[in-house]
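Read the structure below first, then the notes.
First listed ligand is number 1; within each ligand, the first listed atom is number 1.
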Amino acid sequence: MTVRSTSSCSAMTRKRVAVLISGRGSNMAALIEAAKAPGYPAGIALVLSNIADAGGLETARKAGIETAVVDHKSFGKDRAAFDRAMHDVLLAHCIDLVCLAGFMRLLTPQFTALWSERMLNIHPALLPAFKGLDTHKRALEAKAKVHGATVHFVVPEMDAGPIIMQGVVAVRDDDTEAALAARVLKVEHTIYPAALKLVAEGRVSVVNGRCLIDGNAVPDAGSLIPAA
Ligand code: GRF
């Protein structure tokens with residue numbers, strides 16, 4: 001895989017972010033919106049999808065953001081080649097940080113290593129609980145009292161990696177999957193831009209597998225539980 005070369009990328013004050021999507025892209029839209037704010041330390045320079053007709057691509061284009069498609073199907077089972085192709089697109093756009101936002105492909109350890117501590121993911125559960133799919137259904141089945149979303153740095157293991165920020169919602173006894181998902185999604189749209197801001201400002205470090213923000217521990221979940 002090409003080693004990152006910044007020789008043709010001039011240093012920018014705002015970090016150049018690529019958002020990787022496979023679907024509707026509501027988190028992507030939240031990041032685009034947040035990045036419009038004056039003083040926000042990152043700009044969305046590229047939206048990249050593995051699916052040519054992902055709904056989020058149209059949203060990105062309408063927002064004037066450059067888009068690219070690397071179709072995983074054309075690489076067959078060769079995940080490394082697919083990741084290399086994505087990496088090349090990211091390099092060509094002088095990308096500093098990558099945000100996975102509903103990007104439904106497993107990434108190779110080589111790719112995650114190249115973007116170590118520069119690639120974020122959002123997961124719709126309070127990690128390390130409920131990794132994988134169908135998180136809201138599983139939280140309801142487990143009769144969880146709290147649920148939420150997590151922004152973390154990406155490591156080779158799926159839905160693992162140092163936690164940057166979590167947002168919590170209370171689970172109601174009469175909740176449906178759809179209602180819970182909608183409340184969690186609202187939280188996602190708040191914490192993803194907030195977490196990206198911290199990373200882009202260089203305020204997040206990783207020590208012994210845990211994130212520190214300005215040198216302090218990430219707030220524990222107890223302090224995040226909503227009043228109602
Ligand atoms: C979100 O729930 C996110 O947490 C998960 O995939 C979903 C993507 O939704 N990783 P959207 O495409 O951002 O609307």
Side-chain angles (χ1 to χ4, degrees), residues 17-36 42 44 46-63 65 67-72 86 97-107 111-112 115 119-142 144 146-169 171 175-199 218 221 224:
V17 175
V19 185
L20 271 53
I21 63 167
S22 299
R24 68 187 163 179
S26 72
N27 278 287
M28 171 210 75
L31 292 171
I32 291 172
E33 200 48 43
K36 287 181 188 164
I44 310 306
L46 176 71
V47 171
L48 172 59
S49 181
N50 63 314
I51 308 276
D53 61 355
L57 286 173
E58 191 49 33
T59 311
R61 284 184 203 116
K62 281 190 183 140
I65 310 279
T67 62
V69 173
V70 180
D71 183 352
H72 65 275
M86 284 204 303
L97 296 170
V98 174
C99 288
L100 306 183
F103 184 69
M104 303 303 282
R105 301 299 299 167
L106 292 176
L107 299 166
F111 183 82
T112 55
W115 292 93
M119 180 155 58
L120 291 67
N121 180 44
I122 185 147
H123 181 73
L126 292 173
L127 292 173
F130 306 121
K131 295 177 178 182
L133 299 174
D134 298 324
T135 56
H136 310 306
K137 182 167 177 274
R138 286 156 59 211
L140 288 175
E141 280 167 5
V146 290
H147 185 46
T150 304
V151 181
H152 62 94
F153 281 125
V154 176
V155 295
E157 188 192 332
M158 191 188 66
D159 298 333
I163 291 170
I164 304 165
M165 193 174 285
Q166 292 187 307
V168 176
V169 303
V171 183
D175 251 332
T176 61
E177 200 182 328
L180 183 56
R183 294 207 307 288
V184 171
L185 194 63
K186 241 174 118 182
V187 167
E188 293 184 40
H189 296 165
T190 305
I191 64 170
Y192 212 174
L196 174 61
K197 181 173 187 288
L198 291 175
V199 173
V218 169
L224 299 172

* Structure fact -> Residues at least two apart in sequence or cross-chain that pass side-chain contact (heavy atoms from CB on, under 4.5 Å) with Ala68, listed by chain then number, are Leu46, Leu48, Val89

* **Winner among His189, His123, Glu188 once heavy atoms are compared against atom 2 (O) of ligand 1** => Glu188

* Do any heavy atoms of Ile122 fall under 4.0 Å from ligand 1? -> yes

* To do: For this output row, return yes or no: ring centroids of His152 and His123 closer than 6.0 angstrom.
  => no

* Structure fact -> among protein heavy atoms, the one nearest atom 12 (O) of ligand 1 is Gly25 N, 2.9 Å

* To do: For atom 11 (P) of ligand 1, state which one of Gly102, Ser22, Ser26 supplies the nearest heavy atom.
  => Ser26

* To do: Look at Glu141 together with Arg138 and state whether they make a salt bridge at an N to O cut-off of under 4.0 Å.
  => no

* To do: Any chance you could measure His147, atom NE2, to Phe130, atom CZ, to the nearest 0.5 Å?
  => 7.0 Å

* Structure fact -> Residue, atom and distance of the protein heavy atom nearest atom 9 (O) of ligand 1 read Arg24 NH2, 3.3 Å

* Could you list the atoms of ligand 1 found under 4.0 angstrom from a heavy atom of Pro124? => 2 (O), 4 (O), 5 (C)

* How many angstroms lie between atom OH of Tyr192 and atom CD1 of Ile122, to the nearest 0.5 angstrom? -> 6.5 Å

